[in-house]
Engineer: 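So that we are looking at the same thing, I have put the structure below in structure tokens.
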Protein chains: 2
Amino acid sequence: MTKPALRPYSRYSREAVQLLGRSIRRARIEKKLTVAELATRAGLSRGLMQRIEQGDPGCGIGPVFETAAIVGIRLFEADQAGLSAMTAANDAALTLLPRAVRPARPEIDDDF
Amino acid sequence: MTKPALRPYSRYSREAVQLLGRSIRRARIEKKLTVAELATRAGLSRGLMQRIEQGDPGCGIGPVFETAAIVGIRLFEADQAGLSAMTAANDAALTLLPRAVRPARPEIDDDF
DNA sequence: GTTCCATGATCTGTTTATGGATCAAATCCT
DNA sequence: AGGATTTGATCCATAAACAGATCATGGAAC
């Protein structure tokens, strides 16, 4: 009896998390780093490091991104400057949008 | 007295998490979705949805990636097929690497 | 083959995230 | 401006993540 998933993640996001984890593992091995070594560098436990590499969706996004950065994986295909630029652009776009959303009426069709 | 961060995240990973969160927010508003609506679709609470958009590194990577996917943000700039391809390529590369890492000797230089 | 060590898995206790409710403030629409 | 509602923030109870230790297995180097 396999444990049912607590949350029904979509295939896309599940695969994305796993890809990131396995990419970290690959980069770690190529750099000849031990799981324990990488965990220490990232400031987390070996157990968590293993879960990250296995693609556990329950892992905090902070620790995952941190280890990815340490082994040299670029997020959003951008370096530090690139991230700042994207952030600025995104924030600029946000100022042009309404702050609160008024959901479109479901268009009730109740006269028949 | 401000609360010291539990974990010292690098600027890069911190900014990456924030960028993802604010990108989700932007996409959500552009799609005219309410925080509550998006939370429901993703199967999580409104409170967590807010933290995700604020770039809280403590949020699970699963919920974050899931909401990103729902609002149409592509992870690793790849669609479903792209993710599968990248996963396959990565796994192939992994088979060529040693499974266990033997850390390089510190190269002790003790004869002088 | 033998030895050493990395890895995988499991357990326990503590910390933290998360859900759900609530309230005030901000904002959108008429 | 007025009314409705989204949003932001906070609180509490519970579930889950995380750290740390331990044991068994398997791979790497010799």
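The sequence lines fix the lettering, A, B, ..., with proteins before strands; numbering per chain opens at 1. Keep in mind that what you see is a predicted model, and the values were worked out from it rather than measured.
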Engineer: Considering only D/dA19, C/dT18, C/dA6, which nucleotide approaches the side chain of A/Ser45 most closely?
Structural biologist: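 So the side chain of A/Ser45 is nearest to D/dA19.
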Engineer: Could you check which of C/dC29, C/dA17, D/dA29 has an atom nearest any side-chain atom of B/Arg51?
Structural biologist: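 It is C/dA17.
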Engineer: D/dT7 C1' sits how many Å from B/Arg25 CZ, rounded?
Structural biologist: 8 Å
Engineer: Write down the distance between CZ (A/Arg102) and C1' (C/dA26), rounded to a whole number of angstrom.
Structural biologist: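 Spelled out: CZ on A/Arg102 to C1' on C/dA26 is 11 Å.
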Engineer: How many angstroms lie between CE in B/Met86 and CD in B/Glu77, if you round to the nearest 0.5 Å?
Structural biologist: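 Result: 9.0 Å between the selected atoms.
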Engineer: Separation of B/Leu48 atom CG from D/dA16 atom C1', in whole Å?
Structural biologist: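 The answer, rounded to whole Å, is 13 Å.
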Engineer: When you match A/Gln54 and B/Cys59 each to their closest nucleotide on DNA chain C, which lands nearer the 5' end?
Structural biologist: A/Gln54
Engineer: Using a 4.0 Å heavy-atom cut-off, does B/Pro63 contact any base of the nucleic acid, only the sugar-phosphate backbone, or nothing at all?
Structural biologist: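 No contact.
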Engineer: In whole Å, what is the span from the CD1 atom of B/Ile29 to the P atom of C/dA26?
Structural biologist: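 Rounding to the nearest Å, CD1 of B/Ile29 and P of C/dA26 are 17 Å apart.
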Engineer: Establish, with yes or no, whether the OP1 or OP2 oxygen of D/dT7 is under 4.0 angstrom from a side-chain nitrogen or oxygen of B/Thr34.
Structural biologist: yes
Engineer: Nearest-Å distance, CD (A/Gln50) to C1' (D/dA19)?
Structural biologist: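 After rounding, the reported distance stands at 13 Å.
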Engineer: Hey, which of these two, B/Val101 or A/Arg46, hits DNA chain D nearer its 5' end, going by closest nucleotide?
Structural biologist: A/Arg46
Engineer: Given atom CD1 of B/Ile61 and atom C1' of D/dA17, what is their separation to the nearest angstrom?
Structural biologist: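 The distance from CD1 of B/Ile61 to C1' of D/dA17 comes to 14 Å, rounded to the nearest Å.
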Engineer: Quick one: the side chain of A/Arg28 and the base of C/dT7, do they pair up donor-acceptor inside 3.5 Å?
Structural biologist: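 A donor-acceptor contact between them is absent.
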Engineer: How is B/Glu53 classified with respect to the nucleic acid when contacts are heavy atoms under 4.0 Å: base, sugar-phosphate, or nothing?
Structural biologist: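 Result for B/Glu53 = nothing.
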Engineer: I'd like to know if the side chain of A/Glu66 and the backbone of B/Ser10 have a donor-acceptor N/O pair within less than 3.5 Å.
Structural biologist: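 Pair found, side chain donor or acceptor close to backbone of B/Ser10.
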Engineer: For the side chain of B/Arg26 and the backbone of A/Leu94, is there at least one donor-acceptor N/O pair under 3.5 Å apart?
Structural biologist: no
Engineer: Return the 5'-most residue of the pair A/Gly47, A/Arg99 with respect to DNA chain D, ranking by each residue's nearest nucleotide.
Structural biologist: A/Arg99
Engineer: Using the closest heavy atom to pick a nucleotide of DNA chain C for each, name whichever of B/Gly60 or A/Pro98 lands nearer the 5' end.
Structural biologist: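 The residue mapped nearer the 5' terminus is B/Gly60.
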Engineer: Using only atom types and a distance under 3.5 Å, with no angle test, would you say the side chain of A/Thr34 pairs donor to acceptor with the backbone of A/Glu37?
Structural biologist: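 Between the backbone of A/Glu37 and the side chain of A/Thr34 there is no qualifying donor-acceptor contact (under 3.5 Å).
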Engineer: Between B/Arg28 (side chain only) and B/Leu33 (backbone N and O only), is there a donor and an acceptor less than 3.5 Å apart?
Structural biologist: yes
Engineer: Can you tell me how far P of D/dG26 sits from CG of B/Leu97, to the nearest Å?
Structural biologist: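 Atom-to-atom, B/Leu97 to D/dG26, this comes out as 21 Å.
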Engineer: Expressed in angstrom and rounded to an integer, what is the separation of A/Lys32 atom NZ from D/dA28 atom C1'?
Structural biologist: 13 Å
